[in-house]
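Below: one structure, written as structure tokens.
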2 protein chains.
Amino acid sequence: MNLKELSSYLGLSQTTVSRALNGFPEVSEKTRQRVIEAAKAHGYMPSQSARGLATGRVGAIGHIIPLGKHQMINPHFSDFMAGVGIAYADFGVDIVMKICAQDQELATYRKMVKSNRVDGFVLQGPLVDDPRMDLLQTMGVPFVVHGRSAGATQPYNFLDVDNEGAFERATQFLIDFGHRDIALLNGLETMDFAHKRRKGFLTVLQGAGIPVRPELMFSQDMSEVYGYEVATNILALPNPPSAMLCASKLVALGVMRAIADAGLVAGKHVSVVTFDDDFGFLGTHAAVPQITCLRSSLYRAGTRVAHMMMAAVDDPLGISTEIWEPELVVGKSTGMKL
Amino acid sequence: MNLKELSSYLGLSQTTVSRALNGFPEVSEKTRQRVIEAAKAHGYMPSQSARGLATGRVGAIGHIIPLGKHQMINPHFSDFMAGVGIAYADFGVDIVMKICAQDQELATYRKMVKSNRVDGFVLQGPLVDDPRMDLLQTMGVPFVVHGRSAGATQPYNFLDVDNEGAFERATQFLIDFGHRDIALLNGLETMDFAHKRRKGFLTVLQGAGIPVRPELMFSQDMSEVYGYEVATNILALPNPPSAMLCASKLVALGVMRAIADAGLVAGKHVSVVTFDDDFGFLGTHAAVPQITCLRSSLYRAGTRVAHMMMAAVDDPLGISTEIWEPELVVGKSTGMKL
DNA sequence: TTGTAGGCGTTATCAA
DNA sequence: TTGATAACGCCTACAA
């Protein structure tokens with residue numbers, strides 16, 4: 001059933017039916033009701049291709065996932081996407097997801113724009129210097145960044161957590177407990193978020209006059225194994241750290257395992273603080289409810305970004321930015337330095 | 001740049017340019033080259049909306065993810081999607097991903113079909129009795145199932161692993177080691193794969209004349225915590241199992257943790273076998289390389305399903321089915337019953 | 001308040 | 001081998 005059939009069935013013009021369905025004010029309420037009912041009864045839905053062609057809006061937002069950056073195979077990503085997807089549903093918008101080889105990323109953006117596949121993009125995992133913003137800005141396509149990019153030259157829409165401030169607070173929190181030898185198990189520092197966390201960490205250390213120990217600073221893809229191996233190694237140092245600051249709960253889980261394996265107790269012999277993106281499938285809440293963390297919901301970030309995206313499509317010129325402050329949740333993994 | 005502009009630039013008709021670009025044989029090689037070069041130079045890409053309207057093919061496959069079934073927030077899902085996505089790229093096809101509330105699932109399929117959003121669907125996580133197949137079959141939409149559904153009435157395209165056979169082998173493997181008290185930590189048995197695994201498990205137990213102990217059989221959403229808690233409980237039984245069969249590496253990780261916490265050694269005091277979907281982000285290979293497992297790659301399954309999907313779109317009547325046999329990889333988590 | 005007619009960018013049919 | 005021309009299904013001035 002298409003518009004033509006539906007309207008001839010109703011004895012109305014396509015125009016009137018279209019207007020009735022799209023909520024135009026000039027249609028009489030009586031006609032509108034009749035149209036809406038008939039549409040529902042016959043299961044009429046406008047063809048997205050036709051509508052896209054006519055309006056220039058295709059009702060889809062692009063999410064491009066370069067494989068090999070571990071974005072896809074990664075719970076942080078999934079949780080965020082769930083939030084985005086649920087919010088899009090309210091707008092009748094779809095996710096067009098494109099998974100591509102890493103070196104095809106920019107080309108993929110270009111193709112999707114040229115072929116008019118989407119009305120805009122959500123960018124995830126921004127780097128310190130990220131070429132995507134420039135590309136999309138010169139192409140004139142609306143986009144929203146989850147995170148920020150320190151190297152950006154023009155204003156752009158973004159939603160970020162205050163990574164720098166969060167790690168300042170966490171570091172200060174540990175210092176207040178008397179810790180001076182603090183390890184940093186950061187994410188990859190080409191990523192903007194990790195760059196900012198490192199910055200926050202160093203700012204507070206230096207402010208407190210604590211010498212930086214580069215051998216306690218790590219920057220890697222976040223995984224359980226990474227946490228386990230690094231923690232195992234540094235706990236075996238002649239002068240081991242008394243506290244560890246982790247970039248992800250995944251990493252912290254590995255750290256906790258290493259601490260246990262070393263016969264130590266977290267919160268007593270070693271303090272652990274982690275950034276907690278608060279995701280569900282590992283059941284980490286139940287497993288290790290006790291880790292002190294900076295918490296921010298990726299799911300909620302996703303829904304918010306989706307709303308910002310819709311606004312950006314409606315008004316390509318307006319810029320909106322948001323920075324969220326993570327909550328510091330004190331658990332049992334932190335305590336006074338022995 | 002659109003077709004009209006490109007063709008007038010070339011001094012050719014739109015028809016000829018379109019034909020040249022789409023590989024029609026009647027175009028002279030010389031013209032074709034000229035067209036292809038100009039198209040590349042100007043970055044021309046056909047509008048998908050227009051093409052979709054003209055051909056009826058929109059170049060997109062639907063993946064509908066009901067939230068709350070833990071599909072999205074789940075590494076099994078991600079790994080499979082990565083494979084699918086990479087394979088689609090070769091066909092110039094996109095994933096249209098729709099995340100919806102659980103009770104909206106069937107309605108969402110209907111809407112996407114009616115609005116002509118996609119050329120077909122990939123179905124994941126089929127239940128023993130799954131209404132989706134019937135729906136899509138009556139709507140006449142091509143689809144491929146990753147997995148199977150025992151309750152299906154009509155033939156359909158699917159790719160599955162031999163879950164029943166795999167668990168038969170695993171169970172026999174443990175029995176051969178002298179184990180008789182074997183726990184089953186299965187996935188949710190409304191899911192077809194879990195149903196089949198249970199069946200395989202029971203078949204072999206009964207064939208060997210080993211009494212079934214229902215208090216050692218569990219069926220839940222697969223997570224680390226599930227494995228940990230169940231294993232902790234059953235190891236404390238007066239008559240604990242000497243072996244455990246897990247539905248997922250996530251579950252097995254929890255089991256291993258519980259075994260360690262109980263001061264036992266896997267492969268010595270307790271044998272553990274797991275289904276291993278072989279995903280990467282947890283770095284489980286490095287962390288626990290030793291668990292005996294039935295292994296099958298979700299990523300490869302994804303690429304295969306994508307190819308089957310493309311074939312199904314080209315020939316909506318042809319049915320193709322595939323069943324893969326997982327590999328039994330013997331690790332150190334299994335040994336003779338003490 | 002409703003209808004007519006043209007256009008969105010392709011592909012497909014038919015003729016040259 | 002190429003080119004007019006008519007769809008594809010919808011939206012939207014403009015007219016009534």
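Sequence lines set the chain letters: A, B, ... in the order given, protein chains first and strands last, and positions in each chain run from 1. Note: hydrogens, waters and symmetry copies are ignored here, and every other heavy atom, side chains too, is used.
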Worksheet item: Do the non-hydrogen side-chain atoms of A:Gln104 and A:Pro66 ever get within less than 4.5 Å of each other?
Response: no
Discussion item. With a cut-off of less than 4.0 Å, is there a side-chain N or O of B:Asn22 near OP1 or OP2 of C:dT11?
Written reply: yes
Discussion item. Any residue in residues 29-44 of chain A with a heavy atom nearer than 4.0 angstrom to DNA chain C? Just list them by number, or reply none.
Written reply: A:Thr31
Worksheet item: Between B:Thr55 and B:Arg19, which is nearer to the 5' end of DNA chain C once each is assigned its nearest nucleotide?
Response: B:Thr55
Item to complete: Describe the nucleic acid contact of B:Leu3 in one word from base, sugar-phosphate, nothing, applying a heavy-atom distance below 4.0 Å.
Response: base
Worksheet item: Across the strands shown, which category fits A:Ser28 at heavy-atom distances under 4.0 angstrom: base, sugar-phosphate, nothing?
Response: sugar-phosphate
Worksheet item: How do B:Ala50 and B:Leu12 order along DNA chain D: which one's closest nucleotide is nearer the 5' end?
Response: B:Leu12
Response to the item:
A:Ser13 has its side chain closest, among C:dG3, D:dT2, C:dT10, to C:dG3
Item to complete: Considering just the side-chain nitrogens and oxygens of A:Ser18, establish if one lies under 4.0 Å of OP1 or OP2 belonging to D:dC11.
Response: yes
Item to complete: Name the closest nucleotide to the B:Ala54 side chain, picking from C:dG9, D:dT12, C:dT2.
Response: C:dG9
Item to complete: Indicate, yes or no, whether a donor-acceptor pair under 3.5 Å links the base of C:dT11 to the side chain of B:Thr15.
Response: no
Worksheet item: Any luck finding a side-chain donor-acceptor pair between A:Arg51 and A:Asn22 under 3.5 Å?
Response: yes
For residues 41-50 of chain A, which side-chain N or O atoms pair as donor and acceptor with protein atoms under 3.5 Å away, sequence neighbours left out?
residue : atom : partner : partner atom : Å
A:Ser47 : OG   : A:Ser49 : N            : 3.3
A:Ser47 : OG   : A:Ala50 : N            : 3.1

Worksheet entry | Ring centroid separation B:His146 to B:Phe80 under 6.0 Å | yes
Worksheet item: So what does B:Asn116 touch, heavy atoms closer than 4.0 Å: a base, only the sugar-phosphate, or nothing?
Response: nothing
Practice prompt. Using distance alone, with no hydrogens and no angle criterion, decide if A:Ser13 and A:Thr16 have a side-chain donor and acceptor under 3.5 Å apart.
Written response: yes
Worksheet item: Would you call the rings of A:Tyr156 and A:Phe143 parallel, tilted or perpendicular if under 30° counts as parallel and over 60° as perpendicular?
Response: parallel
Practice prompt. Test A:Lys98 against A:Tyr109 for side chain to side chain contact (heavy atoms under 4.5 Å, CB included), laying out the working first.
Written response: CA-CA 9 Å; A:Lys98 197 99 191 176; A:Tyr109 278 98; over 6 Å; no
Discussion item. So B:Met45, base contact, sugar-phosphate only, or nothing? Heavy-atom distance under 4.0 Å.
Written reply: sugar-phosphate
